[in-house]
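Fair warning: this is a prediction, and the values are worked out from it, not measured in the lab.
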Amino acid sequence: MSKVLCSIATRGRYETTLPLVLNAVINQTLLPDKIIVFDDNDDPQDMRKSLIYSYFFQMLEIKKIAWEWQFAGKKGQHHIHQAANTMGFDWVWRVDDDAIPEYNVLENLMLWTKFDNIGAVGGSILTPPNLPNTKASTGLIEDIQDEPNIQWNFIEQIKEVDHLHCSFLYRAGVHDYNTGLSRVAHREETLFTFGLKRKGYRILTVPDVVTWHMKNSTGGIRSETNQEMFVHDEFIFRNYIEHKDKTIVVLNGGMGDHVVFSHVLPDVKNPLVFTCYPEIVEGQPISEAYRLFGDIEQFNVYRKMSQWNWRGTLEDAYRKLYT
């Protein structure tokens, strides 16, 4: 059986929607192997002293569900999701702290994990009281500005899409969240799921999976009022979409790394290269990669080798990363 982590990032919702979310997760027909609440509050509190939360903790222990309450770094939920992504679980069910899953959500999402080519799967994310008409929505990344998200109404049939919204189940350790976004992490789940798609995995929206998004007007990213953060993140998102048909290559290493990668470059499909040594591997300067994409750690081949427990050559690691 695959191991599943339920990851809940929370900020500013101790006494509003977070207890509803925890109760819904605890009462799923299929339970996760572990639940971690990542507390990203500006003024974190010890919820073990709260009567209602103590009941939840006791219920988890009675049901033999491992759990943690971790204090996060106040950097935004994309840092939290990346931490969950690399904790060694097969799948991560990310549940927003104002998104309340119906009783069978995890069980019905997990039905799809038996297929090797599934990267992420999600269902309806419904915000009362008005549900937009999504029958014509394509779910394609290029249509994201012109149509409502296909998940914002009841999904009637299985559909392959480019990206998912809000809460979903995904294959862990395959693609990284962009931690170069601001604390509001605008577009973080769109970039992440589209990244899984670009790596050859299918992204599905499926029926009989309903999560009610209470879209709390306070807490979460709505705690931030600095519009420059949203502008910054939208700029990064737009740059990824502009270059969506290219393989982004970032060589932020030494001369030897560039020499090794030069043997791989002929096999990279439609490369867009950023380099420290253009005399070895031609490309744009590394500073431009930072400007366009915000974060280049996801291209750090040595970090990837550590994650993969790599025992092969550096050249083969480059091939795994870029071909």
Side-chain angles (χ1 to χ4, degrees), residues 4-28 32 34-42 44 47 53 56 67-70 72 74-85 87 89 91-106 108-109 120-128 131 148-153 155 163-170 172 177-179 181-193 203 205-206 209-224 229-230 233:
V4 183
L5 170 66
C6 175
S7 171
I8 304 172
T10 189
R11 183 185 180 196
R13 291 170 181 158
Y14 283 143
E15 298 178 356
T16 54
T17 52
L18 179 59
L20 301 175
V21 172
L22 277 173
N23 188 62
V25 170
I26 290 170
N27 286 289
Q28 291 290 298
K34 188 171 186 176
I35 297 172
I36 302 182
V37 178
F38 293 91
D39 189 336
D40 210 34
N41 279 281
D42 298 316
M47 301 315 294
Y53 280 94
F56 290 140
W67 65 275
E68 290 183 37
W69 189 289
Q70 286 196 17
K74 304 178 185 179
K75 296 179 180 179
Q77 63 175 333
H78 49 325
H79 289 269
I80 288 168
H81 295 316
Q82 179 59 15
N85 186 27
M87 284 184 168
F89 289 82
W91 296 87
V92 175
W93 181 31
R94 52 169 283 170
V95 181
D96 279 11
D97 63 351
D98 61 352
I100 301 168
E102 292 193 351
Y103 68 96
N104 61 353
V105 164
L106 182 56
N108 286 349
L109 291 176
V121 58
S124 297
I125 308 291
L126 307 181
T127 303
L131 306 182
N149 192 294
I150 196 172
Q151 294 177 268
W152 293 348
N153 208 321
I155 294 169
H163 60 95
L164 293 174
H165 164 68
C166 190
S167 295
F168 47 86
L169 180 74
Y170 69 85
Y177 285 86
N178 189 318
T179 56
L181 300 174
S182 72
R183 190 175 182 183
V184 300
H186 175 55
R187 303 284 198 188
E188 53 88 12
E189 74 268 55
T190 307
L191 282 168
F192 176 71
T193 49
I203 311 299
T205 53
V206 297
V209 174
V210 175
T211 297
W212 294 94
H213 190 194
M214 297 311 178
K215 208 165 187 178
N216 200 317
S217 60
T218 60
I221 67 170
R222 285 173 283 281
S223 297
E224 302 291 347
M229 293 185 181
F230 291 90
D233 294 352

Side chain to side chain contact (heavy atoms under 4.5 Å, CB included), that's the test. Do Phe168 and Glu189 meet it? Break it down for me.
CA-CA 9 Å; Phe168 47 86; Glu189 74 268 55; 3.8 Å; yes
Side-chain heavy atoms of Ser167 within contact of His213, under 4.5 Å:
no
Find out whether His163 and Ile203 are in side-chain contact, i.e. whether some heavy atom of one side chain is under 4.5 Å from a heavy atom of the other.
no
With side chain to side chain contact (heavy atoms under 4.5 Å, CB included) as the test, would you mind laying out the steps for Val95 and Thr211 before giving the verdict?
CA-CA 9 Å; Val95 181; Thr211 297; over 6 Å; no
Side chains of Val206 and Asn108: closer than 4.5 Å at any heavy-atom pair?
no
Mind checking the OG1-CG spacing from Thr127 to Asn153? Nearest 0.5 Å is all I need.
10.5 Å
Can you check whether Asp97's main-chain N or O pairs, donor with acceptor, with Thr10's side chain at less than 3.5 Å?
no
Between Leu109 and Val121, what is the shortest heavy-atom contact and its length?
CD2-O, 3.6 Å
Please enumerate all residues that pass ring pair (Phe, Tyr, Trp, His ring centres under 6.0 Å) together with Trp212, with sequence neighbours excluded.
none
Would you indicate whether the side-chain heavy atoms of Asn23 and Phe56 approach each other to under 4.5 Å?
yes
Taking ring pair (Phe, Tyr, Trp, His ring centres under 6.0 Å) as the test, write out the residues that go with His79, two or more places apart.
none
Is a side-chain N or O of Gln151 found less than 3.5 angstrom from the main chain of Ser124, in a donor-acceptor match?
no
With side chain to side chain contact (heavy atoms under 4.5 Å, CB included) as the criterion, how do Thr193 and Tyr170 come out once you've worked through the C-alpha distance, each side chain's angles and the decisive distance to 0.1 Å?
CA-CA 8 Å; Thr193 49; Tyr170 69 85; 5.8 Å; no
Enter the distance from Asn27:CG to Asn104:CG here, rounded to the nearest 0.5 Å.
12.5 Å
Shortest non-hydrogen contact between Ala24 and Ile100, atoms and distance
CB-CG2, 3.8 Å
Where Pro44 and Tyr14 come nearest, the two heavy atoms and their spacing
CA-OH, 3.3 Å
With sequence neighbours left out, what residues match Glu188 under salt bridge (Lys or Arg N to Asp or Glu O under 4.0 Å)?
Arg94
Test item: Arg11 and Asp42 side chains (from C-beta on) under 4.5 Å apart, heavy atoms:
yes
From Thr16 OG1 over to Asp98 CG, what is the distance, rounded to the nearest 0.5 angstrom?
8.0 Å
How long is the span from the NE2 atom in His81 to the CZ atom in Phe192, to the nearest 0.5 Å?
9.5 Å
Under the salt bridge (Lys or Arg N to Asp or Glu O under 4.0 Å) rule, collect the residues that match up with Glu15, sequence neighbours excluded.
none
Indicate the atoms forming the closest heavy-atom contact of Ile150 with Ile155, along with that distance.
O-CG1, 3.9 Å
pair Val37-Leu22: side-chain heavy atoms closer than 4.5 Å
yes
How long is the span from the CG atom in Leu5 to the CG atom in Asn85, to the nearest 0.5 Å?
10.0 Å
Mind checking whether Met87 and Ile36 have side chains closer than 4.5 Å, heavy atoms only?
yes
Can a donor-acceptor pair be found, under 3.5 Å and without considering hydrogens, that links the side chain of Asn41 to the backbone of Gly12?
yes
Which residues pass the salt bridge (Lys or Arg N to Asp or Glu O under 4.0 Å) test with Asp40, sequence neighbours left out?
Arg183
Kindly indicate whether the side chain of Pro101, heavy atoms from C-beta on, has any atom under 4.5 Å from the side chain of Trp93.
yes
Taking only residues two or more places apart in sequence, or in another chain, which ones meet Asn149 in a side chain to side chain donor-acceptor pair (under 3.5 Å)?
none
Check for me whether the distance between the ring centres of Trp69 and Tyr53 falls short of 6.0 Å.
yes
Val25 to Cys6 - nearest heavy-atom pair and separation
CG1-SG, 3.9 Å
Between Glu102 (side chain only) and Val210 (backbone N and O only), is there a donor and an acceptor less than 3.5 Å apart?
no
Say whether, by atom type as modelled, one donor and one acceptor occur between the side chain of His78 and the main chain of His186 under 3.5 angstrom.
no
Approximate separation, where rounding is to 0.5 Å, of Gln77 CD and Phe38 CZ:
12.0 Å
Please check if the distance between the ring centroids of Trp152 and His165 is under 6.0 Å.
yes
